[in-house]
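Computed from a predicted structure; not experimentally measured. Any value given below was found using the heavy atoms of this structure, including those in side chains, with hydrogens, waters and symmetry copies removed. Naming: A, B, ... by sequence-line order, numbering from 1 per chain.
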Protein chains: 2
Amino acid sequence: MIRIDAADDPRVAAFTRIRERDLTSRDGCFIAEGEVVLTGLLQRSSFLIQAVLLAERHEQRLGAAVQAATAAPVYLAGQQTLDGIAGFPLHRGVLALCRKPEPVSAADLLGTAPADAVVACAFGLSNHDNIGGLFRNAAAFGAHAVLLDGRCGDPFYRKAIRVSAGAALTTPHAVVEDELDLIAGLKSAGFRLLALSPAGRSSLRQVRPAGRVALLLGAEGPGLSDAVMSRAETVRIEMAPGVDSLNVATAAAVALHHLSGRVEA
Amino acid sequence: MIRIDAADDPRVAAFTRIRERDLTSRDGCFIAEGEVVLTGLLQRSSFLIQAVLLAERHEQRLGAAVQAATAAPVYLAGQQTLDGIAGFPLHRGVLALCRKPEPVSAADLLGTAPADAVVACAFGLSNHDNIGGLFRNAAAFGAHAVLLDGRCGDPFYRKAIRVSAGAALTTPHAVVEDELDLIAGLKSAGFRLLALSPAGRSSLRQVRPAGRVALLLGAEGPGLSDAVMSRAETVRIEMAPGVDSLNVATAAAVALHHLSGRVEA
């Protein structure tokens with residue numbers, strides 16, 4: 001492990017000004033933050049890790065675990081140096097620079113789906129908290145994959161990864177730029193399309209899942225486009241009178257819990 | 001309506017340094033933020049509003065609506081003055097200073113509950129995002145009330161109100177300092193106690209709600225205490241293997257959706 005004593009040490013240049021650089025591309029890399037996320041990476045995708053920067057207090061346990069799992073350099077710094085590198089108070093004290101995995105095509109993901117697969121599909125979901133929450137909930141209820149249209153936020157964005165509790169890195173996903181291409185791909189792979197909307201015709205409770213199912217989700221506010229709604233069965237979650245809607249990731253959790261029910265039945 | 005041209009105008013002193021003052025008490029008042037929250041207050045609790053501060057662009061529509069519903073003064077300011085008053089960029093452009101309503105006792109809330117009431121009860125939930133999310137979801141699924149133990153965050157905290165989409169102000173709640181006093185109150189009011197935990201004995205899907213039901217929720221990480229768990233039926237949400245847990249407000253949504261099902265049946 002390599003001790004770093006100055007925030008401008010060129011060996012940790014990739015970890016500087018984290019927040020500003022979140023807004024731009026990192027040349028095929030992303031930053032993972034926090035112990036939960038790093039531990040998940042070590043277990044499942046350690047080959048992605050390029051370098052790790054830890055607060056000195058994490059040396060014994062986390063530092064050793066990283067060295068056991070990867071050949072990536074492990075940098076250690078005191079809290080003040082660490083804050084200076086990151087550009088904000090890095091309370092968690094854990095950063096990893098990782099290579100993005102090769103993109104997977106939607107056709108491949110859908111083609112390999114089991115006969116009872118559920119996939120979660122988001123349209124125009126630009127908010128990174130919601131993207132992270134969707135991945136967390138998709139993983140919790142065993143979704144086969146997450147599909148995103150081109151207007152969605154990047155699951156590799158630091159905050160999306162954190163909110164997902166690491167699931168953004170472990171649940172397979174694919175991006176299909178155009179929403180109608182995404183719909184066409186689902187249909188040709190034999191998926192039943194359920195569009196979740198407060199204006200849905202059927203109540204979620206009436207849905208009896210069978211075969212491959214795709215849950216279609218739009219952003220809070222605009223919701224799904226008419227073009228998407230008209231190509232799917234529309235489903236609503238029953239709510240109390242006068243309530244507008246749920247958070248989209250929360251609505252996804254309620255629906256995915258319902259759709260995963262057949263596993264137990 | 002009153003135009004304000006200087007950030008240090010004493011008439012808007014209550015709206016200054018919002019974030020710093022979030023951390024202290026406001027003498028029985030709270031700050032509501034954003035159009036969704038203000039509109040909800042105007043419809044249901046306009047008597048609580050003491051003063052409103054709006055960006056000038058909101059004068060015609062929101063300003064007029066406030067004046068129609070309350071005698072509270074409406075202050076208008078340009079965006080720069082507004083940012084200077086609040087102490088941060090106030091993109092939403094809508095603040096209201098409100099009086100907290102008189103606290104309600106848990107005994108009163110539980111005593112007036114219908115025979116099929118569901119109440120959501122949080123223990124040690126200090127995170128304001130989660131408190132806000134819990135209220136939003138409790139409102140969405142028609143919970144009769146939210147009960148909190150003394151270690152929970154304040155639902156009147158600005159961010160809790162915002163995340164709740166205003167539900168923190170409209171869904172009745174009560175605080176019972178000691179968790180076992182809260183449990184005792186629920187039992188004496190005839191509530192069936194369901195403690196939600198990844199280690200729960202029954203699956204949520206097996207629960208057939210009847211009569212008054214209390215859903216007990218602990219903070220992510222520590223969860224519910226052994227003392228609470230031992231006094232309730234413990235219930236888990238079925239998840240995919242290897243997944244730790246859901247966000248607590250999300251778990252509450254899944255459970256409240258299930259428990260509200262009998263309404264439709």
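- Nearest heavy atom pair, residue M239(A) against residue F141(B), reads CG-CE2, 4.2 Å.
- Within a 6.0 Å sphere centred on CZ of R57(B), other residues, nucleotides and ligands contribute more than 12 heavy atoms.
- Of all the heavy atoms in T250(B) and T250(A), the pair that sits closest is OG1-OG1, 4.2 Å.
- The candidate with the highest count of non-hydrogen atom pairs below 4.5 Å against chain B, out of A252(A), G142(A), P241(A), S245(A), is S245(A).
- A heavy-atom distance below 4.5 Å is found between the side chains of H257(B) and R205(A).
- Atom CD of E20(A) has more than 12 heavy atoms from other residues, nucleotides or ligands within 6.0 Å.
- Other residues, nucleotides and ligands place no more than 12 heavy atoms under 6.0 Å from the NZ atom of K159(A).
- Here the closest heavy-atom approach between residue A139(B) and residue A240(A) is recorded as O-CB, 3.5 Å.
- For chain A, no part of Q43(B) is nearby; none of its heavy atoms comes within less than 4.5 Å.
- With rounding to the nearest 0.5 Å, the separation of CD1 in I237(A) from OG in S260(B) is 10.0 Å.
- For chain A, the option among V163(B), T170(B), L256(B), V243(B) with the highest count of heavy-atom pairs below 4.5 Å is V243(B).
- Only the side chain of L204(B) comes within contact range of chain A, with heavy atoms under 4.5 Å apart.
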